[in-house]
Amino acid sequence: MEDRARRIGRLNALARLMDTAIRVPGTNIRFGADALIGLVPGIGDAGGALIGLFIVNEARRLGVPPHKLARMVANIGVDALVGAVPLAGDVFDVYFKAHKRNIRIILDHFDMEPTELKDVTPRR
């Protein structure tokens, strides 16, 4: 159980980096590396999808059932396909947050709350 919470905490930190790491000052709008790398034509959205597939694979290794993994892959597919549309796809990336959606699926499966995740921030 301790190891599972640590592993999911690591995945949550990655999802946070990808989807919500940066807040636009004066607003509640947050975006992350996924929206930024999505600006690179051709390879940006593929890179975000690969990171999303890493999260799905880790969920599989944790024991998330196939029907939930399929929902997670669908989230990544929607994010990658719509994200590939120039400009409109980049705006979509800011609001859809596929990685955070997938973390919620993992947390729901294990009946966990985000507050139960282990802090994986490196100590200074």
Side-chain angles (χ1 to χ4, degrees):
M1 182 79 164
E2 183 79 17
D3 182 53
R4 180 190 309 149
R6 184 184 55 76
R7 290 170 65 190
I8 295 172
R10 223 176 42 235
L11 295 176
N12 186 55
L14 178 59
R16 185 173 50 241
L17 173 69
M18 293 300 291
D19 288 342
T20 61
I22 303 165
R23 184 177 62 86
V24 176
T27 71
N28 287 330
I29 298 172
R30 298 186 73 86
F31 64 95
D34 192 29
L36 295 176
I37 63 175
L39 293 172
V40 178
I43 61 168
D45 292 302
L50 286 174
I51 292 169
L53 290 175
F54 169 78
I55 293 172
V56 172
N57 187 52
E58 287 297 304
R60 180 192 61 79
R61 292 176 64 202
L62 285 165
V64 174
H67 71 280
K68 291 182 180 180
L69 295 173
R71 277 191 11 223
M72 293 172 71
V73 169
N75 285 337
I76 294 166
V78 167
D79 187 43
L81 288 175
V82 177
V85 176
L87 196 58
D90 299 317
V91 173
F92 178 79
D93 274 342
V94 171
Y95 292 101
F96 188 66
K97 300 179 185 351
H99 307 292
K100 293 298 280 185
R101 288 173 184 257
N102 288 346
I103 294 299
R104 186 77 245 169
I105 291 171
I106 295 168
L107 291 174
D108 286 346
H109 174 72
F110 292 110
D111 198 28
M112 294 175 70
E113 292 298 322
T115 56
E116 297 176 54
L117 297 178
K118 297 294 179 192
D119 183 11
V120 293
T121 307
R123 302 280 181 231
R124 291 187 180 212

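Note that this is a predicted model, so its numbers are computed, not measured.
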If hydrophobic clusters are built from ILVMFWY residues whose side chains come within less than 4.5 Å, do [X] and [Y] share one?
X	Y	answer
I37	I76	yes
M18	F54	yes
I105	L53	yes
L87	Y95	no
F110	L14	yes

For residues [X] and [Y], determine if any side-chain heavy atom of one lies less than 4.5 Å from a side-chain heavy atom of the other.
X	Y	value
L36	F31	yes
I55	H99	yes
M112	I106	no
P66	R60	no

Reported [atom1]-to-[atom2] distance for the pair [X] and [Y], which is rounded to 0.5 angstrom:
X	Y	atom1	atom2	result
D93	L39	CG	CG	8.5 Å
N12	I103	CG	CD1	5.5 Å
R23	N28	CZ	CG	7.5 Å
D45	L50	CG	CG	11.0 Å
D19	K100	CG	NZ	7.5 Å
L69	N57	CG	CG	9.0 Å

Next on the checklist: My understanding is that only one of D79, L17, D90, V94 makes a side-chain contact (heavy atoms from CB on, under 4.5 Å) with D34; could you say which?
Outcome noted: D79
Distance-minimising heavy-atom pair for [X] and [Y]:
X	Y	result
G63	H109	O-NE2, 3.7 Å
V73	V56	CG2-CG1, 3.9 Å
L62	R4	CD2-CG, 4.0 Å

Please check if the side chain of [X] supplies one atom and the backbone of [Y] the other of a donor-acceptor pair under 3.5 Å.
X	Y	answer
E116	E113	yes
K97	A15	no
R101	F96	yes

